[in-house]
Amino acid sequence: MNRFIRRGFLGALAGSAAGTPLLFLGTTGRPEFAVAIVAGSMYAACVPPDRGAYADSIMAAAALGIPIWGITSVILLPVLSGNHMAWNAVGMQGHFAPLVGWILFGALLGGILQIVSEIAEIRYGPESAPASPPTSDLTRIVILGGGFGGMKAAAYLEEELGSSVSISLVSDTNALLFTPMLAEVAGSSLEPSHISVPLRSSLRQTHFVRGRVTGVDFERRVIVLDGTGTEGRELHYDHVIFALGAVSNYLGLKNVERLAFDFKTLLDAIRIRNHVIEMFEQADRETDPGIRRQLLTFVIAGGGFAGVELAGALNDFAHGIFPDYRNLNIEELCVTLVHSRDRILPELSETLAAYALEKMKQRGVAFRLGARLVDAQPGLVTLSDGQISAETLVWTAGTAPNPLIRTLDLPTDARGAITVDSTLAVPGHWRVWALGDCAAVTDSETKKPCPPTAQFALREAATIAKNICAALKSKPAIDFHFRSLGALCVVGHQTACAELTVPFVPTRSLRFSGLLAWFIWRGIYVSKLPGLERKIRVLMAWTLELFFPRDIIQTIELGGKDAHGDRAAIIRNA
Ligand SMILES: Cc1cc2nc3c(=O)[nH]c(=O)nc-3n(C[C@H](O)[C@H](O)[C@H](O)COP(=O)(O)OP(=O)(O)OC[C@H]3O[C@@H](n4cnc5c(N)ncnc54)[C@H](O)[C@@H]3O)c2cc1C
């Protein structure tokens, strides 16, 4: 039986058992009972059972009670019955009982679901066979990279081919990073684990290998991994998909590379957050106003989406934690965005980009447009038209395809990206495919180069998966074509810009700005975040953020000896 149908059925069963007490709660018990069954079924379908994890299951499902309460008891039922409850002291008492009821329902649902799932497993066997190590008689598909493209390719292949092939995914991190929300981690709105999706548990039939790819032997069809470990150093393939992403490109600026923070990985976001707090701590005990200003100046290079979103998030974060530092003066705080062109956000229309610039200026972000970053020294950032005294520099101004590509015998373009044909196969190589930020993909209809975004990487992954299936069934491959769905950018303080392509009229787009665009941004990205549990965590974090100040606890030691020793030196030299 399909695992989603099986889980949905068990969830409906658990939902009806856990929801039975609701039938006896006054006159509105019946609609709530129906909601309990639907919620149980949907929850179970989305969350795979984890054997023996009773406490986790109960806690996670109890947390689900809060959004169900909000949607059902606060919004839907009062609207449908025309019986609105006021948010005054009396009304609050009326809201409280259903809230407790739904949380108890959730906890009960989690417990019952765990029991019925385990009984079903004993009676009918596991949902799907656990990922077995690759065996030589199955076609071996190896995916390199566990980002958007790699994970989506594995999910599509699992869906299409199941256990008829051996799928392996190699990645140097064991989780998919949801980059659109990375700025929120740097700005302390979200916890790092909220935006990371574990690859092992998300891909049930894929053999996950945590390791760094160091080479590929195309003759022998072997992937070479670093180190030794239990996985061995080599992995054989029949089809290989390159999804290794991109790295920061410092355009030959050695000092900038040594001193600036990257903004690409989860660790980068964690470091930036902790560094900002460290700067506030140092500034708070500093008596020299010049050094205080230098400590509280945060320079971000690059006016694309990543740079603008980070500037907005850091500006909000800095203003949010400011009241905790009593010795500081708000005039000393400055987030500066440096961009080499005369307008930010080249990906958006001119009017929306101008709107973003104006809104950010109103919130205190400073801009140095038409200026290039040329050098950096501890405490000093040098631009083509002047200097800025700052202890913090973040680089988002350039990326390049994964440098490993250049070391392999693969066709590349001038940037070092793997060139592919219209079916995303690598010309001149047998059963080698490439996608995402490490590939130079051209749209087969528009003949335009595809941008390095998650939106495109996901669709390219689907095309490659279909083409591998076609190759296995000796059918013709399809060409890659996808039109962007639009672009979204948060500029801070509940403000965003959105440009969405009109469905079926790709030449036209709808533009939104302000609070509405911010809601659209949050709605779209939370819906795209993989996994129900993470969606709930993010929604809860965003809700809590409305009522409580941001966290200023430092979670990592920055002054120590680590891979970023030079970056830590900036702080020590302050
Ligand atoms: C801050 C930020 C915000 C962004 N916001 C958006 C957005 O809002 N919308 C959007 O569409 N796009 C956005 N992007 C772009 C998007 O993240 C990328 O286009 C997308 O991740 C590309 O997917 P990919 O699979 O090609 O590479 P990635 O997602 O980067 O995945 C590459 C994977 O390969 C692994 N890897 C690398 N080298 C090795 C090795 N040698 N061995 C093993 N594994 C390796 C990495 O760990 C990683 O798991 C953003 C990017 C950033 C940095």
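First listed ligand is number 1; within each ligand, the first listed atom is number 1. Numbers for residues simply follow the sequence, beginning at 1.
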* Does the side chain of Thr399 come under 3.5 Å of the side chain of Asp437 through a donor N or O and an acceptor N or O? -> no

Ligand 1 atoms nearer than 4.0 angstrom to some heavy atom of Gly436 are 26 (O)

re atom 18 (C) of ligand 1, the protein heavy-atom contact at minimum distance is Asp437 OD2, 3.3 Å

Checklist entry - Counting heavy atoms not belonging to Leu544, are there more than 12 under 6.0 Å from its CG? => result yes

Among non-hydrogen protein atoms, atom 5 (N) of ligand 1 lies closest to Pro180 CA, 3.7 Å

min-distance protein heavy atom vs atom 47 (O) of ligand 1 -> Asp172 OD1, 2.4 Å

Charged N to carboxylate O under 4.0 angstrom, Arg273 versus Glu278?
no

Ligand 1 atoms nearer than 4.0 angstrom to some heavy atom of Phe263 are 1 (C), 53 (C)

The closest protein heavy-atom partner of atom 11 (O) of ligand 1 is Ala454 N, 2.9 Å

Contact region, Leu310 to ligand 1, non-hydrogen atoms below 4.0 Å, reads neither

Within 4.0 Å of some non-hydrogen atom of Tyr525, the atoms of ligand 1 are 7 (C), 8 (O), 9 (N)

For residues Pro180 and Phe305, determine if any side-chain heavy atom of one lies less than 4.5 Å from a side-chain heavy atom of the other. no

Under-4.0 Å salt bridge between Asp262 and Arg271 = no

* Does ligand 1 have an atom that lies less than 4.0 angstrom from a heavy atom of Gly211? -> yes

A student checking ligand 1 against Ala243 at a 4.0 Å heavy-atom cut-off should list atoms 32 (C), 33 (C), 34 (O)

Answer yes if the side chains of His275 and Thr392 hold a donor-acceptor pair under 3.5 Å, and no otherwise.
yes

Of Ala439, Gly146, Gly145, Gly245, the residue with the heavy atom nearest atom 30 (O) of ligand 1 is Gly245

- Query: Using 4.0 Å as the upper bound for N to carboxylate O, is an ion pair formed by Lys448 and Asp443?
  - Reply: no

Closest to atom 25 (O) of ligand 1 among protein heavy atoms sits Gly149 N, 2.8 Å

- request: Please find out if less than 6.0 Å separates the ring center of His339 from that of Phe367.
  value: no

Look only at interatomic distance and state if Leu435 has a nitrogen or oxygen under 3.5 Å from any nitrogen or oxygen of ligand 1. no

When distances are taken from atom 31 (O) of ligand 1, the protein heavy atom at minimum range is Gly147 CA, 3.1 Å

Atom 29 (O) of ligand 1: of Phe148, Phe178, Trp521, the nearest heavy atom sits on Phe148

Taken to the nearest 0.5 Å, the spacing of Glu184 CD from Phe178 CZ works out to 10.5 Å

min-distance protein heavy atom vs atom 41 (N) of ligand 1 -> Val213 O, 3.2 Å

### Query
Do other residues, nucleotides or ligands put more than 12 heavy atoms under 6.0 Å from Arg221 CZ?
yes

Given salt bridge (charged side-chain N to carboxylate O under 4.0 Å, His left out), test Arg550 with Glu545 step by step and report yes or no. CA-CA 7 Å; Arg550 305 214 186 181; Glu545 190 195 39; 3.5 Å; yes

Charged N to carboxylate O below 4.0 Å: is that the case for Arg537 and Glu191?
-> no

min-distance protein heavy atom vs atom 13 (C) of ligand 1 -> Thr179 OG1, 4.1 Å

For Ser171, the ligand 1 atoms with a heavy-atom partner under 4.0 Å come out as 35 (C), 43 (C), 44 (N), 47 (O), 49 (O)

Ligand 1 atoms nearer than 4.0 angstrom to some heavy atom of Ala457 are 23 (O)

N/O separation below 3.5 Å, Gln455 to ligand 1 = yes

To the nearest 0.5 Å, atom OG of Ser188 lies from atom CG of Leu314 at 10.5 Å

Q) Touching ligand 1 at all, Phe305? Heavy atoms, strictly under 4.0 Å? A) no

Atoms of ligand 1 under 4.0 Å from any heavy atom of Arg212, numbered from 1 in the order shown, are 41 (N), 42 (N), 43 (C)

